[in-house]
Amino acid sequence: MNIVEEVQSKLKDEIRAAVIKAGLAQEDELPNVVLEIPKDKTHGDYSTNMAMQLARVAKKAPRMIAEELINHFDKTKASIDKIEIAGPGFINFYMDNSYLTHLIPTILQAGENYGETTVGNQQRIQVEFVSANPTGDLHLGHARGAAVGDSLCNILAKAGYDVSREYYINDAGNQINNLALSVEARYFQALGLEKEMPEDGYHGEDIIGIGKKLAEEFGDKYVHVEETERFDTFRQYGLQYEMEKLKKDLEDFRVRFDVWYSETSLYHNGKIDTALQKLRDNGYIYEKDGATWFKSTELGDDKDRVLIKQDGSYTYLTPDIAYHKDKLERGFEKLINIWGADHHGYIPRMKAAIQALGYAKDALEVEIIQLVHLYKNGEKMKMSKRTGKAVTMRDLVDEVGLDGVRYFFAMRSADTHMDFDLDLAVSQSNENPVYYAQYAHARICSILRQGEEQNITISKEVDLAQITAEKEIEVLKKLGEFPLAVAEAAEKRMPHRITNYIFELASTFHSFYNAEKVLDVENMERTKARLALIKSVQITLNNALSLIGVSAPEKM
RNA sequence: GUCCCAGUAGCUCAGCAGGAUAGAGCAACAGUUUCCUAAACUGUAGGUCGGGGGUUCGAAUCCCUCCUGGGACGCCA
């Protein structure tokens, strides 16, 4: 357990014990102990509203309860310096902060592992994200999904979950046929021949490129083969090309996946039939109008859904149900899907399917990525795949820089609409909060370099009692919060808690930097202690930034 | 019509399993550099938390309702 967690938990134990000793409540009437860090520093290090919560049970005024409670409180057991009653009945604890200096050796020892907690309990959790159709370039929405998904995975892993990252490849269905036909048209055009794009074709630059490549590689060979052979070849070729590009783009975006799962494989290994059979056995299937239906309304959906169309083919939902069944059979206790906003209406039916298969509804969690609107020169930019004028993920990265894009997307709660102002992110780059955090890191590196040049080494033998300045204590407190921030971000699935933390840590550091000098030949002991302190900040900043896929530069 | 997201300072947003005087960045204003990176720091000013009800010791936070903006609702994927 982290030192800060330990202190908090001891404090909570003592509060509980004091309530019992004072006879204010029975063991089973005890409300949950709420500890908070007051916004106002003069209200102490921790505060509890226990006395107010007990008002009803004890039938007394909160301030009187607080009085009795602190009379029975054992201060010696929880590093407490002073206790005060304030306001309507808050009990404020002023801690003896000497325990905080133990944080420094802990962080130096843990290094890149600092921040890890065990709240996840090694629960097996799978996160499926991006899963864009392999029919064109990744656009803004995918970039946001990739950033949020990857950050969430990193955070979950750090918090002690056993995480698997997965990409579902939609390589079956009409869109792939359209891809093949689009490639075909571009191939003919590359050879100077007439061929119309299909109605729902893909007009992206990438498809034109595939057509050219095929023409260069094979000449007019495929003009003369049978249509089905050409179709199959181009389908395969287009798919492979698109997937490779997609993987490369994601890799460059610092996102990796453990599993790439092919939709087509579900058609070949009988898993769709098995899933359908399971639904049938559980009584959720019926036939109507020549189609096969899923009785999803029985499980909270607004209408029943078609699984097998009149023409005998599956809807998108059918293999997807088989896919989710397969995920659960692989032993994941929790599935998190990160979907685009356009899939929002799809959630109830998927949850219904999970239940119809005999699993708990909340085995599946869906995080919706809301739309990103891009503004340039004060104008909203469109991002339609169809027009071929899409703003791609690559365009965005080229324009803003990878660190900026990753930070900006991690910074906002995923399920809210977001305006991304390019002019702001680019032209006034000092407004970009990512620089603020990176600058703190670079500053620390610079001081450490100079310390080395002066042959001052950071040893674990430093006299940490040298850490007494107010700004230093602030920094220490903030460092101690990191594992708690990670745990909270993981449990609430909120990567933006980490960017908030990064900003706060950078801010307390900058403030310390301006108030106190680290390197001071007149006072070697303190210099060593402060070097150890800023080294701890460096480690923590680095760890926090890496959770959201942002680099920590040594120089700026 | 049903559902989702949002409405908090001039702008962009935190805060929302109820807690003390609602926070930050940018913009505005006033300062800080013989000293480790001024991409920084310190301070001032700025808000009826969309409106209205309710729940209670206490509401930006929970419930109801209305208004405004964005989005989703295929035998497409």
Side-chain angles (χ1 to χ4, degrees), chain A residues 32 34 36 38-40 42-43 47-49 52-53 55-56 61-62 86-90 92 131-133 135 170 172-176 178 200 263 288-293 302-303 305-320 340-349 368 370-371 373 408 411-421 424 428-440 442-451 453-454 471 492 496-497 499-500 503-504 506-507 509-520 527 530-531 534 555-556:
Chain A
N32 193 25
V34 181
E36 53 178 49
K39 287 170 216 154
D40 186 337
T42 63
H43 291 139
S47 163
T48 184
N49 60 355
M52 280 112 92
Q53 287 184 294
R56 207 164 313 162
F90 288 101
N92 295 335
S131 299
N133 289 344
T135 53
N170 293 123
N174 285 333
Q175 80 280 6
I176 295 300
N178 282 326
D200 294 321
E263 180 187 1
K288 193 182 97 186
D289 303 334
T292 301
W293 295 71
D302 8 323
K303 37 185 141 163
R305 307 293 171 177
V306 172
L307 293 175
I308 305 176
K309 297 183 244 177
Q310 279 180 338
D311 68 4
S313 65
Y314 299 128
T315 61
Y316 178 78
L317 179 62
T318 314
D320 211 12
D342 54 338
H343 281 62
H344 155 256
Y346 195 76
I347 299 170
R349 75 190 77 163
I368 287 294
Q370 288 291 350
L371 290 189
H373 291 130
F408 260 73
M411 193 167 63
R412 298 267 177 271
S413 171
D415 63 354
T416 67
H417 301 269
M418 176 175 177
D419 292 336
F420 201 119
D421 189 334
L424 198 80
Q428 291 177 280
S429 55
N430 59 331
E431 281 183 29
N432 192 333
V434 70
Y435 290 107
Y436 186 76
Q438 290 183 322
Y439 184 56
R443 256 184 166 175
I444 292 168
C445 291
S446 169
I447 302 171
L448 291 174
R449 273 195 300 273
Q450 289 171 58
E453 280 164 21
Q454 295 173 34
K471 297 286 185 187
K492 294 189 174 169
H496 74 277
R497 291 293 164 98
T499 55
N500 288 353
F503 182 82
E504 288 162 14
S507 175
F509 169 75
H510 282 309
S511 182
F512 156 75
Y513 176 92
N514 276 275
E516 311 287 344
K517 196 157 191 296
V518 175
L519 299 173
D520 178 8
T527 298
R530 285 188 172 167
L531 280 170
I534 65 165
K555 275 183 186 170
M556 281 175 78

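Lettering follows sequence order; numbering is per chain, from 1. In this text, all values refer to a predicted model and were calculated from it rather than measured experimentally.
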First encountered from the 5' end of RNA chain B, between Met418(A) and Tyr513(A)
Met418(A)
Pair of N/O donor and acceptor under 3.5 Å linking A20(B) base with Asn49(A) side chain:
no
For the C1' atoms, the ones on U21(B) and on C4(B), what distance do you get once it is rounded to whole angstrom?
36 Å
Would you say Tyr436(A) reaches A38(B)'s phosphate, i.e. side-chain N/O to OP1/OP2 under 4.0 Å?
no
So what does Asn178(A) hit on the nucleic acid, given a heavy-atom distance under 4.0 Å: a base, only sugar-phosphate, or nothing?
nothing
Considering every strand and a 4.0 Å limit on heavy-atom distances, what is the contact class for Arg412(A): base, sugar-phosphate, or nothing?
sugar-phosphate
Length of the line joining Gln450(A):CD and C35(B):P, which is rounded to integer Å:
12 Å
Applying a 4.0 Å non-hydrogen cut-off, can you work out what Gln454(A) is touching in the nucleic acid: base, sugar-phosphate, or nothing?
nothing
Separation of C57(B) atom P from Met52(A) atom CE, nearest Å, is 12 Å
Looking only at atom P, what distance separates G70(B) and C13(B), rounded to whole Å?
15 Å
Nearest-Å distance once atom C1' is located in both G50(B) and C73(B):
27 Å
When all nucleic acid strands are considered with a 4.0 Å heavy-atom cut-off, which category describes Phe503(A): base, sugar-phosphate, or nothing?
sugar-phosphate
Any base atoms under 4.0 Å from Met411(A), or only sugar-phosphate, or nothing? Heavy atoms, all strands.
nothing
Interatomic distance at C1', C63(B) relative to G18(B), whole Å:
13 Å
Write down the distance separating the C1' atoms in A40(B) and G25(B), rounded off to the nearest Å.
14 Å
With Watson-Crick and G-U wobble geometry limited to distances under 3.5 Å, how should the secondary structure of RNA chain B be encoded in dot-bracket form, using | for bases paired to another strand and [ ] for crossing pairs?
(((((((..((((.....[...)))).(((((.......))))).....(((((..]....))))))))))))....
Closest to the His43(A) side chain: A40(B), C35(B), A20(B)?
A20(B)
Determine the interatomic distance between C1' on U42(B) and the same-named atom on C64(B); round to the nearest Å.
47 Å
With under 30° as parallel and over 60° as perpendicular, where do the rings of Tyr346(A) and His343(A) fit, or are they tilted in between?
perpendicular
Which comes earlier along RNA chain B counting from the 5' end, the contact point of Arg497(A) or that of Ala86(A), where each point is its nearest nucleotide?
Arg497(A)
Summarise how protein sits on nucleotides 71-77 of chain B as a single string, 5' to 3': B when a protein heavy atom is under 4.0 Å from the base, S for sugar-phosphate-only contact, - for no contact.
BS-SBSB
Think Arg443(A) forms a cation-pi with Tyr513(A), using NZ or CZ under 6.0 Å from the six-ring centre and within 45 degrees of its axis?
yes
Nucleotide A39(B), atom P - distance to NZ of Lys555(A) in whole Å
16 Å
Is the aromatic ring centre of Phe90(A) closer than 5.5 Å to the centre of the six-membered base ring of A20(B), with the two planes inclined by less than 30°?
yes
Side chains of Phe408(A) and Pro433(A), heavy atoms from C-beta outward: is any pair under 4.5 Å?
yes
Select base, sugar-phosphate, or nothing to describe what Ala515(A) touches, counting heavy atoms under 4.0 Å on all strands.
nothing
Might you point out which heavy atoms bring His344(A) and Pro348(A) nearest each other, and give the distance in Å?
O-CD, 4.0 Å
C11(B) versus C49(B) - spacing of their P atoms, nearest Å:
16 Å
Pick the C1' atom in U44(B) and in A39(B), then give their distance to the nearest Å.
24 Å
Has Ser511(A) got a side-chain N or O lying under 4.0 Å from the OP1 or OP2 atom of U42(B)?
yes
